[in-house]
There are 2 protein chains.
Amino acid sequence: MYICEKDFMKSSQLYKGSLNTIIMKLLEENGRMYGYEITKKVKEITKGELKITEGALYPALHKLEAEGFLEVEVEKVDNRLRKYYKLTESGTTETVNRLSELEEFIRNMQTLVNPKLSY
Amino acid sequence: MYICEKDFMKSSQLYKGSLNTIIMKLLEENGRMYGYEITKKVKEITKGELKITEGALYPALHKLEAEGFLEVEVEKVDNRLRKYYKLTESGTTETVNRLSELEEFIRNMQTLVNPKLSY
DNA sequence: AAATATACATAAGTTTCTTATATATAAAAG
DNA sequence: CTTTTATATATAAGAAACTTATGTATATTT
């Protein structure tokens, strides 16, 4: 007897490259967030359809910080470490750009995939 | 004096993973196409905003063929080689799946990025 | 006492691209 | 007539962005 739940689960995949945009948009909206909070928020908003893995999230946050788009404040809550991230000034500008690129991508994909509607 | 047109060009990027879906959708719609034709079609439909590079396209076609989703017919037109691709039966099924995953991705992204509209 | 939730992190490997290069024929431009 | 552009395919090297697995540590629930 096989128990293999994974076979019945949807991949719930992101298109690669969209993670940064998601992070930046959430920070734009919520002011500041910590990593674990971001994973919970995405899961909540998408009703469990998108799951951000830590292996993707933390390197992405570190890279965005290294690029100067995010700044971090470390706090201790309930004796546990939290790293709160927020957008820098250039991060806010970059967020606007990436969101419009995302919108363009979505428009293009809808034109390709659903030519009848032609948004 | 610098001539550096690339600096003024938009990245015209795809989110990684979307290329296969584009190929499969175009084949679903047009019956059969050859590689070069696909690059031209995408450029035309998106008014030059998306450009499929050969370095991405041909390996993608070969992989889809190896996975059994595409089959190929080689023809010689004007003394030049053409490889026409079309969806197999399992490729047609897979196309339906990938298109619904794309739609789900777009829905999720719109929920995340534009929570006020909540499609 | 063990499992789950919270909170971070990194290393190894895979997939999917970009960029560059290569071959070959036909047509257009200079 | 020679070079560039268009047509048509292909692959190799490297970069980017993930997945999967593992690790640490504390708090809460079972």
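Numbered from 1 within each chain, the chains take letters A, B, ... in sequence-line order.
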Output yes when at least one side-chain N/O atom of [X] is less than 4.0 Å from OP1 or OP2 of [N], else no.
X	N	value
His62(B)	dT9(D)	no
Tyr34(A)	dC8(C)	no
Tyr58(B)	dA10(D)	no
Lys40(B)	dT7(D)	yes

Notebook entry, point to check: Looking across every strand, which nucleic acid part, if any, lies under 4.0 Å from Gly35(B) by heavy atom: base, sugar-phosphate, or nothing?
Noted result: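 Result for Gly35(B) = sugar-phosphate.
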So what does Ser18(B) hit on the nucleic acid, given a heavy-atom distance under 4.0 Å: a base, only sugar-phosphate, or nothing?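 It contacts sugar-phosphate atoms only.
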*When you measure from the side chain of Glu54(A), which nucleotide among dT9(D), dC8(C), dT19(D) comes out closest?*
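The closest nucleotide is dC8(C).
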Fill in: Closest to side chain of Tyr85(A), choosing from dA10(D), dT15(C), dA9(C)
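Nearest listed nucleotide: dA9(C).
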Are Tyr36(A) and Val72(A) grouped together when hydrophobic residues (ILVMFWY) are joined by side-chain heavy atoms under 4.5 angstrom apart?
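Yes, because Tyr36(A) and Val72(A) connect within a single hydrophobic cluster, where side-chain heavy atoms sit under 4.5 Å apart.
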| Among residues 71-83 of chain B, which residues get a heavy atom nearer than 4.0 Å to DNA chain C? |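 Residues of residues 71-83 of chain B that come under 4.0 Å of DNA chain C are, in numerical order, Asp78(B), Asn79(B), Arg80(B).
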In whole angstroms, how far is the [atom2] atom of [N] from the [atom1] atom of [X]?
X	N	atom1	atom2	result
Tyr36(A)	dT28(D)	OH	P	14 Å
Lys51(A)	dC18(D)	NZ	P	18 Å
Met33(B)	dT9(D)	CE	P	11 Å
Ile23(B)	dT9(D)	CD1	C1'	14 Å
Lys63(A)	dA16(D)	NZ	C1'	7 Å
Tyr15(A)	dT15(C)	OH	P	17 Å
Met24(A)	dA17(D)	CE	P	12 Å
Glu67(A)	dA17(D)	CD	P	8 Å

Beyond-backbone contact of [X] with [Y], side-chain heavy atoms, under 4.5 angstrom:
X	Y	result
Thr95(B)	Glu28(B)	yes
Glu49(B)	Phe105(A)	no
Thr46(A)	Thr111(B)	no
Met109(A)	Leu102(B)	yes

For the aromatic rings, using the six-membered ring if either is Trp, is the centroid distance between Tyr85(B) and Tyr34(B) under 6.0 Å?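 Distance test on ring centres: not under 6.0 Å, no.
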Pick the closest DNA chain D nucleotide for Ile52(A) and for Gly55(B) by heavy atoms, then say which residue is nearer the 5' end.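 Result of the comparison: Gly55(B).
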query = Quick one: the side chain of Lys16(A) and the base of dT15(C), do they pair up donor-acceptor inside 3.5 Å?
reply =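 It does, because a donor-acceptor pair links the side chain of Lys16(A) to the base of dT15(C) below 3.5 Å.
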Query raised in the report: Is there a donor-acceptor pair closer than 3.5 Å between any side-chain N or O of Thr88(B) and the backbone N or O of Gly68(B)?
Result: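 Indeed, once roles are kept as given, a pair shorter than 3.5 Å links the two residues.
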Practice item. Would you mind checking if Lys86(B) and Glu73(B) are paired as a salt bridge, meaning a charged N to carboxylate O distance below 4.0 Å? Key: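 Counted as a salt bridge, because a side-chain N and a carboxylate O are separated by less than 4.0 Å.
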